[in-house]
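Each residue takes its place number in the sequence, starting with 1. The figures that follow rest on heavy atoms only: side chains count, while hydrogens, waters and symmetry mates do not. Both ligands and their constituent atoms are indexed starting at 1 by order of listing.
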Amino acid sequence: MSNEREQWVSRIGFILAAAGSAIGLGNIWRFPHVTGTEGGAVFVLIYLITTLLIGYPLLNTEVSIGRKTQRNPVGAFKALAPNTPWWLVGALGVFTGFIILSYYSVVAGWAMSYTAQSLGGLYAPGTDYVDTFVGHISQVWEPILWHFLFMLITVGVIAAGVVKGIQRTVKILMPMLFILFVALIVRSLTLPGAGAGVAFYLQPDFSQVTGQTFLSAIAQAFFTLSLGMGALITYGSYLKQNEDVSVDSGWVVGLDTGIALLAGFAIFPAVFALGFDPDGGAGLAFMTLPAVFAEMPMGQLFGFLFFLLLSVAALTSAISLLEVVVAWVIDEHGWSRRTAAVVLGGLIFLLGIPSVLGFSAWSDITFQGMDILDTFDWFANSIFLPLGGLLTAIFAGYVWGNQKVMEEANCGKDRQFLCAWYAVSIKYIIPIAIAVVMVWGLYETFFG
Ligand code: PFF
């Protein structure tokens, strides 16, 4: 442990970094399209309940484990349960970080490419945007180049360090993201006919609920809050001892959930107002929205702002994914931060290439009808993250002990309501809910 461990300089530094990790493609790209295909408001409702019952207590737990041990996920479990196999939960997290960042960066590359194209003639009326999108992703070199560029920036930030890299970047980018967002929402809600989109988004239709709806809601809550893979253990490990974890975590969950909900308000009213279909799937942001921007007054400006926002949000999340992997080799294997960032960033770049090729040369490689990128996303979100969360909750509730989580999270303050909430959630709700939903959702995916 020769490397001096850095700490966030201020409370706001931690909150912005953790919110930056949470707010990403998951909020702006994934949440709207999953809401669109899972039936709208009813999915939003289940997702919100999941965030309260499972997301917030688990986020507190992860940050507490990190702050207590001041270690990466593998080291943290080793420190709390020496000579047991629990460190494997941390290792699963590091592995998941590798997988997620590899394809996350490919999608972020699309967003960067669309930002650049927005400055040119992307929004010509009458364009077939399905063609444009498929044409873009089924090339080989261009998407690889954008993926490379995105990884290069991510590696640059991580190599610069926790304070000079991560904290400095999020302090500039997060306020910018909030401002871009407000501009987009005002535009979307003021289009004539926006009301139909608001209704789709806010009026639940309970006939749409299946096991898949619950699995998708849990998967979305985990992915968007960066839970189940030790990102918040890692960020928590740079948190000062006098910080109140419960309060800071509340900010992170609130900001992330707020931005996801607002993303729906930025997107659905515009989609409905201009007569498009909300269930366009993963292509919603890249195929439906450009068509919306092409029809909308000042569409080029708003299109540019939207894709810029998406790229910025992706960057502040990608740095947390890489930080998990980098912190592991720094702490456990004594690597320097720079070497770790470059070597592991390089490996993740290579691992992302199959996701790119899955839309061209390797397009006949599929799993349950999914291309390579969607397969990685499916394994990460439907199996690895919930499993990581399940095991973290069992560890916290039954091995490390609820009491310890509460002491660490609450800084010795007596908060009876919160403590009861953690206790019930960590020991009972999280393990049971995740286990049931995983089995149910997996059964439907394979046999339903
Ligand atoms: N929370 C990010 C998003 O919503 O886009 C994705 C993510 C980042 C997941 C970091 C997991 C993680 F550790």
Undergrad: Determine the minimum heavy-atom distance between S105 and M151, stating which atoms define it.
TA: OG-CG, 3.4 Å
Undergrad: Shortest non-hydrogen contact from T224 to N27?
TA: OG1-OD1, 3.1 Å
Undergrad: Report yes if L225 has an N/O atom closer than 3.5 Å to an N/O atom of ligand 1; otherwise report no.
TA: no
Undergrad: Taking atom 10 (C) of ligand 1 as the point of reference, which of A108, S226, G20 owns the nearest heavy atom?
TA: S226
Undergrad: With no hydrogens and no angle check, do the side chains of Q167 and Y238 hold a donor and an acceptor under 3.5 Å apart?
TA: no
Undergrad: Using a 4.0 Å cut-off to any heavy atom of G26, which atoms of ligand 1 qualify?
TA: 3 (C), 4 (O), 5 (O)
Undergrad: What part of A22, side chain from CB on, backbone N/CA/C/O, both or neither, has a heavy atom under 4.0 Å from ligand 1?
TA: backbone
Undergrad: Can you tell me if Y398 has over 12 outside heavy atoms packed within less than 6.0 Å of its OH?
TA: yes
Undergrad: Where do F446 and W378 land on the ring pair (Phe, Tyr, Trp, His ring centres under 6.0 Å) test, with the steps shown first?
TA: CA-CA 13 Å; F446 288 106; W378 187 84; 5.7 Å; yes
Undergrad: Check each atom of ligand 1 against the heavy atoms of L321 and keep those under 4.0 Å away; list them by number with element.
TA: 8 (C), 10 (C), 11 (C), 12 (C), 13 (F)
Undergrad: Only heavy atoms of S320, strictly under 4.0 Å: list the atoms of ligand 1 that pass.
TA: 10 (C)
Undergrad: Run the numbers for me: atoms of ligand 1, each under 4.0 Å from some heavy atom of M229, listed by number.
TA: 11 (C), 12 (C), 13 (F)
Undergrad: Return the closest protein heavy atom for atom 2 (C) of ligand 1 as residue, atom name and distance.
TA: S21 O, 3.3 Å
Undergrad: Enter the distance from F148:CZ to F349:CZ here, rounded to the nearest 0.5 Å.
TA: 6.0 Å
Undergrad: Is the ring pair Y201/F268 parallel, tilted or perpendicular, if the boundaries are 30 and 60 degrees?
TA: tilted
Undergrad: If you count the atoms of ligand 1 from 1 in the order shown, which ones are under 4.0 Å from a heavy atom of L25?
TA: 5 (O)
Undergrad: So for atom NZ, which belongs to K78, do other residues, nucleotides or ligands contribute more than 12 heavy atoms lying within a distance under 6.0 Å?
TA: yes
Undergrad: Considering only non-hydrogen protein atoms, determine which one is nearest to atom 1 (N) of ligand 1 and report residue, atom name and distance to 0.1 Å.
TA: F223 O, 2.8 Å
Undergrad: Give the atom numbers and elements of ligand 1 that come within less than 4.0 Å of a heavy atom of Y104.
TA: 2 (C), 3 (C), 5 (O), 6 (C)
Undergrad: With atoms numbered from 1 as shown, which atoms in ligand 1 lie under 4.0 angstrom from a non-hydrogen atom of A231?
TA: 13 (F)
